[in-house]
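This report refers to the structure that appears directly beneath it.
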Protein chains: 2
Amino acid sequence: MKNDRRVSRTRRLMLDALMALIEERGYEKITVQDILDRADVGRSTFYAHFRDKDELLLSWFEHLRELFELQQQDLLAARRNGSVPGVNMVLDLFRHTAEHHKLYKAVAGRQSGEMILKYLHRYLNGLLLPVFEELSRSRREPPVPVEVTVNFLVSTLFSLMTWWLDRDMPYPAEKMEEMFRTLTRPAIEAALGTPPAEVPEAVNKNDTVGGFYRLFIDSVCCAGR
Amino acid sequence: MKNDRRVSRTRRLMLDALMALIEERGYEKITVQDILDRADVGRSTFYAHFRDKDELLLSWFEHLRELFELQQQDLLAARRNGSVPGVNMVLDLFRHTAEHHKLYKAVAGRQSGEMILKYLHRYLNGLLLPVFEELSRSRREPPVPVEVTVNFLVSTLFSLMTWWLDRDMPYPAEKMEEMFRTLTRPAIEAALGTPPAEVPEAVNKNDTVGGFYRLFIDSVCCAGR
DNA sequence: TTTATTATCGAACATCATGTTCATTATCGA
DNA sequence: TCGATAATGAACATGATGTTCGATAATAAA
């Protein structure tokens, strides 16, 4: 059965072990054996659940993704009710990062595995793409294809994040968010071929990115599931 | 002795084998044994020269770096003589990439090793940093620290490159270069806090990036050393 | 050409991580 | 309680890594 306590128990044990080990050494340096030892779980048990290390980590992201999409729906519903969320989610992202930098560093820092970043990259791309396609529909043939613009945005966010983490956060989160806006806002304008007046909306949509990260780190740090 | 024919011969054999294998399968999927088989070199010989796969590849970059720095000096000398290089080096980069996309894909594509990209990233950063520090000296306290701006530039170049390669180059090189300019030019202006008038210089300096890549791929494809 | 040097060979070896198998045991839901 | 099945753990096959060492061949220097 799906709702077998044994199943969820072992999965939780293995995920907890993985998270702890990532914090300690970084994803790359972990072997399956390490996870087994830490989780105190049999070797064959692991392979009964996942094919390899990556699949274990991905199962965790899957779980996060579901949570995130629920949150998204709430947010959309709130918007329909006319209430404007006064928060800056990119800023929240950087704040959360500062607070939980150890884990973030393991996931996004220089010594982390590319697999995680690539997964997140792809996911955020898919998330922002429809938003920007919507945005660009009102304009005709933007100088830069929407797909490229979105990819550029995510890359910039990641590059700021990793730079910041690798240097142990020499600036406050507020400054980082400001940099992100300074760098991307004019670029988005230029890419969409938008007159400056319409910019605020673009920046707004951008906040979707932060939304994911916020939930992301919240879920991570409680380490529960 | 250093100038022993045997040494340079085995090193060349191993490098050639590595390059061929990278083109075929990508860096990740190669084992030391593969290199040995292809190069027809003894196991112990390999470890007499390098500690692992990465070190072999790095030795190749080291070699490229030297060549590049020589070219840089020539270029600087030419500039002192008053002759303005009329070429757009970023454009050249994208053209070379299109021409030798197979190898580029192995090095910079989605399935390549992060190690190479990280190395290049760091190198280009170090290259552009003094240039932009010089640029920003005339201005006081730019909105974005120079270090971040440079990192952003390299990231953007890489993101365009990999996006392009992963999708089998759906646009001509000219279009890609145009996008790069569209995205980065206004961002650089904003980051440096520069009035639009002074921009051309910034774009000019940027060309240094392409300079490396041009030589980079030239050296690669001839496969000689 | 001769000689002393040393890079290469190759085969063996230890080590370690991966992934599979299977009979046994413990735990679960019904 | 009972049938189902998840977890165990030990054994095994596989394959990559990195080391060692005596023999051999190529090399630079004399």
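Letters A, B, ... are given to chains in the order of the sequence lines, protein chains preceding strands, and every chain is numbered from 1.
Judged by distance alone with a 3.5 Å cut-off, no donor-acceptor contact links the side chain of A:R6 to the base of D:dA7.
Which of D:dT8, D:dA6, C:dC9 sits closest to the side chain of A:D4 comes down to D:dA6. Among the nucleotides C:dC9, D:dA6, C:dA7, the one closest to any side-chain atom of B:T45 is C:dC9.
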One character per nucleotide, please: for nucleotides 12-21 of chain D, 5' to 3', B when the base has a protein heavy atom closer than 4.0 Å, S when only the sugar-phosphate does, - otherwise.
----SBBBB-
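Taking the charged nitrogens against the carboxylate oxygens, A:R181 and A:E177 do have a contact shorter than 4.0 Å, which makes a salt bridge.
Between C:dA7 and B:H49, no contact under 4.0 Å exists linking OP1 or OP2 to a side-chain N or O.
With rounding to whole Å, B:R12 atom CZ is found 12 Å from C:dT8 atom P. Per the geometry, CE belonging to B:M14 stands 11 Å off C1' belonging to C:dT8, to the nearest Å. Atom C1' of nucleotide C:dA26 and atom CZ of A:R9 are separated by 11 Å, given to the nearest angstrom. A:F50 places its CZ atom 10 Å from the P atom of D:dA7, with the value rounded to the nearest Å. If you measure from atom CG of A:N3 to atom P of D:dT5, you get 15 Å, rounded to the nearest angstrom. Distance CZ (B:R5) to C1' (C:dT5): 16 Å, rounded to an integer number of Å. Rounding to whole angstrom units, CG of residue B:D37 and C1' of C:dG10 are separated by 13 Å.
Residue pairs that meet the salt bridge (Lys or Arg N to Asp or Glu O under 4.0 Å) test with at least one member in residues 145-163 of chain B, sequence neighbours left out, are A:R167-B:E147.
Below 30°, between 30° and 60°, or above 60°: for A:Y123 and A:Y119 the angle between ring planes is below 30°, a parallel geometry. Ring geometry, B:H100 versus B:H96: the interplanar angle falls under 30°, so the pair is classed parallel (tilted spans 30 to 60°). Ring-plane geometry between A:H121 and A:F158 is classed as perpendicular, the angle between the planes exceeding 60 degrees on a 0 to 90 degree scale with a lower cut at 30. B:F94 and B:W164 have perpendicular rings, their planes meeting at more than 60° on a 0 to 90° scale where under 30° would count as parallel.
For the side-chain hydrogen bond (donor to acceptor under 3.5 Å, both in side chains) criterion with A:K105, the lone passing option out of A:T162, A:T97, A:D168 is A:D168.
Searching all strands for a Watson-Crick or G-U wobble partner of C:dA30 with both distances below 3.5 Å returns D:dT1.
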